[in-house]
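Working notes, beginning with the structure itself.
Please read all numbers here as calculations on a predicted model, not as lab measurements. We number each residue from 1, following the sequence as shown.
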Amino acid sequence: MQKLSLSIFSFISLMTASLIFSGCSSKQYFEPKQTFSASNAANSYGGTIVDLSRDGATLKNGKYIGKAGVSTIDLGEGYRFLSESPSYVLAGNAEGVLKIIDKSTGDAVRAVALHVPIVSATIKNGVIAYILNNNAFGVYQIADNRKVIESRSERTFAIDTRAASPMFIDNLAVMPMLDGKLIIVNGKNTEDAKVVYLSSEKVFNNVVYLSRMGNTMVAATPKKLITLGNGGKREYRANISDVAIADGNVYLFTKEGDIIKLDIALNPLAKKRFKYAHFSASTAFGGKVFALDQEGSLIVLNSDLNKYKVYDLGEVDSPVFITGSKLYKDGKIIELSKLGYE
């Protein structure tokens with residue numbers, strides 16, 4: 001079967017140019033009646049984000065932002081951050097090389113030629129699960145330098161740039177595919193794979209979110225949210241910008257500017273609309289929900305979505321990333337826990 005001719009990097013560039021050209025004259029913007037300063041919660045770190053993954057961000061200087069903050073490890077020219085573990089950092093380039101960096105030394109211990117650009121990857125206990133932009137998936141073991149499995153799902157023609165990372169559950173690797181499927185692979189029996197279908201859209205149908213809430217798996221494509229657990233499979237349809245989970249609830253951020261609170265069975269509990277808001281980053285923790293509009297308005301709500309406050313962070317000039325309680329934006333770190341909704 002013919003491989004896709006465009007790498008994910010080229011595809012993202014083309015999509016960005018297309019969106020700017022076609023939408024700049026007609027786009028309507030979120031205009032809050034009142035905003036507040038977040039200067040008391042802001043500090044500078046001086047970096048510029050040039051690429052995002054679900055697990056981190058690549059900086060212009062070749063370093064990255066992970067869950068622990070800004071790292072001093074250099075990924076190398078042309079590499080983008082994919083994921084990390086306590087011992088290793090994963091990075092990939094446009095030629096499909098997966099670089100495995102030892103955190104203790106900062107040196108690469110492996111450079112695995114996968115020949116196709118890597119969309120996402122996750123590492124646990126020396127085992128790497130990865131997704132390629134031709135919709136292939138694989139499992140690689142560092143210790144004996146071998147692929148345990150590599151297989152390809154259906155061909156895809158266009159994907160949403162927010163690609164979920166694979167997830168490990170005990171001996172299982174859950175692969176968020178580019179064609180709206182979850183493929184669950186058993187590391188001890190690679191032939192016994194299970195498939196969960198999320199959506200059957202023809203384009204922009206990749207899994208953009210994948211996480212766990214207790215014993216329940218939460219996943220989303222741009223058009224559908226599902227939970228999968230003891231209660232079976234539940235689904236909720238929406239035009240999805242992002243998803244966050246906190247305190248046993250799911251928060252859904254839509255392209256219409258809605259923030260929706262759902263329970264584990266995906267029953268709606270609360271909803272708040274911010275007209276014309278286009279969310280670029282979001283999270284929920286500590287009884288609060290946070291949503292950043294593309295124009296720089298940070299909305300902070302209570303968990304019931306009936307109280308909120310809007311902070312003006314200034315125009316968004318480069319990609320933004322949230323990890324834990326910190327928002328990284330245009331060289332600044334915003335400590336979200338210092339911002340309230342009253």
Side-chain angles (χ1 to χ4, degrees), residues 9 12 16 30 35-76 79-86 89-92 101 103 106 119-122 160-165 208-209 211 241-246 251 253 259 277-286 288-301 309-341:
F9 309 101
I12 291 172
T16 302
F30 171 57
T35 60
F36 298 84
S37 172
S39 59
N40 66 317
N43 289 294
S44 176
Y45 76 98
T48 301
I49 295 173
V50 294
D51 187 271
L52 293 173
S53 74
R54 270 296 180 185
D55 297 326
T58 306
L59 298 176
K60 188 176 181 180
N61 63 6
K63 296 179 173 59
Y64 72 91
I65 302 170
K67 291 183 179 179
V70 181
S71 173
T72 59
I73 292 174
D74 195 316
L75 301 175
Y79 282 88
R80 60 186 289 263
F81 174 80
L82 296 168
S83 188
E84 64 182 337
S85 71
V89 179
L90 303 181
I101 302 170
K103 280 188 172 181
V119 175
S120 62
T122 300
D160 191 293
T161 57
R162 305 158 298 157
S165 297
V208 297
Y209 182 85
S211 188
S241 288
D242 206 357
V243 181
I245 56 177
Y251 293 91
F253 304 82
I259 302 175
H278 300 274
F279 302 122
S280 60
S282 59
T283 190
F285 66 89
K288 291 182 281 190
V289 180
F290 304 84
L292 178 66
D293 175 67
Q294 290 179 357
E295 298 301 305
S297 293
L298 176 65
I299 305 165
V300 182
L301 305 93
K309 192 172 182 177
V310 182
Y311 296 85
D312 184 4
L313 302 188
E315 188 174 346
V316 180
D317 295 322
S318 60
V320 297
F321 178 67
I322 294 177
T323 180
S325 66
K326 292 178 172 57
L327 166 64
Y328 293 82
K329 174 192 175 292
D330 298 324
K332 292 183 178 180
I333 303 173
I334 312 297
E335 179 53 60
L336 298 177
S337 63
K338 293 183 177 180
L339 303 178
Y341 50 78

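Here CG of Leu59 is found 10.5 Å from CG of Asp74. Values are rounded to the nearest 0.5 Å. Atom CG of Leu52 and atom OG of Ser318 lie 9.0 Å apart (nearest 0.5 Å). Between atom CG of residue Leu292 and atom CG of residue Leu298 there is a gap of 5.5 Å, rounded to the nearest 0.5 Å. Here Asp312 contributes atom CG and Ser37 contributes atom OG; the two are 8.0 Å apart, rounded to the nearest 0.5 Å. With rounding to the nearest 0.5 angstrom, the OG1 atom of Thr58 is 4.5 Å from the CG atom of Asp51. Here the CG atom belonging to Leu75 is positioned 9.0 Å from the CG atom belonging to Asn61, to the nearest 0.5 angstrom.
Counting all heavy atoms, side chain and backbone alike, Val119 lies closest to Arg80 at O-NH1, 3.4 Å. Nearest heavy-atom pair across Gly340 and Tyr311 is O-OH, 2.8 Å. Across every non-hydrogen atom of Ile73 and Ser71, the tightest pair is N-OG, 3.0 Å. Across every non-hydrogen atom of Thr323 and Gly66, the tightest pair is CG2-O, 3.6 Å. Of all heavy-atom pairs between Phe30 and Ile299, the closest is CE2-CD1, 3.9 Å. Gly324 and Thr283 get closest at one heavy-atom pair: O-OG1, 4.5 Å.
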side-chain contact (heavy atoms from CB on, under 4.5 Å) assessment of Gln294 paired with Val316:
CA-CA 6 Å; Gln294 290 179 357; Val316 180; 5.8 Å; no
Walk me through whether Ile322 and Leu336 qualify under side-chain contact (heavy atoms from CB on, under 4.5 Å).
CA-CA 9 Å; Ile322 294 177; Leu336 298 177; 4.3 Å; yes
Evaluation steps, side-chain contact (heavy atoms from CB on, under 4.5 Å), between Ile65 and Phe321:
CA-CA 8 Å; Ile65 302 170; Phe321 178 67; 4.0 Å; yes
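Considering only residues two or more places apart in sequence or on other chains, Phe290 meets the ring pair (Phe, Tyr, Trp, His ring centres under 6.0 Å) condition with Phe285. Applying the salt bridge (charged side-chain N to carboxylate O under 4.0 Å, His left out) rule to Asp330 yields no partners; only residues at least two apart in sequence or on another chain are considered. Scanning for salt bridge (charged side-chain N to carboxylate O under 4.0 Å, His left out) contacts around Lys103 gives Glu84, with sequence neighbours left out. The salt bridge (charged side-chain N to carboxylate O under 4.0 Å, His left out) test applied to Lys326 returns Glu335, not counting sequence neighbours.
Open room surrounds NZ on Lys332; 12 or fewer heavy atoms of other groups in view lie less than 6.0 Å from it.
Checking side-chain atoms of Ser83 against main-chain N and O of Thr122 turns up no donor-acceptor pair under 3.5 Å. A donor-acceptor pair is defined here as one N or O able to donate and one able to accept, closer than 3.5 Å; no such pair exists between the side chain of Arg54 and the backbone of Ala163. Remark: the backbone N or O of Leu339 is not paired with any side-chain donor or acceptor of Lys309 at under 3.5 angstrom. Listed for the Asp293 side chain is a donor-acceptor partner under 3.5 Å among the backbone atoms of His278. With hydrogens and angles disregarded, a donor-acceptor distance shorter than 3.5 Å links the side chain of Lys329 to the backbone of Glu315. Side-chain atoms of Ser120 come within 3.5 Å of backbone atoms of Ala164 as a donor-acceptor pair (strictly under, hydrogens ignored).
Legend: ring pair (Phe, Tyr, Trp, His ring centres under 6.0 Å) pairs involving residues 46-70, not counting sequence neighbours, sorted by first then second residue: Tyr64-Phe81. Among pairs with a residue in residues 35-61, those fulfilling ring pair (Phe, Tyr, Trp, His ring centres under 6.0 Å) read Tyr45-Tyr328, at least two apart in sequence or across chains.
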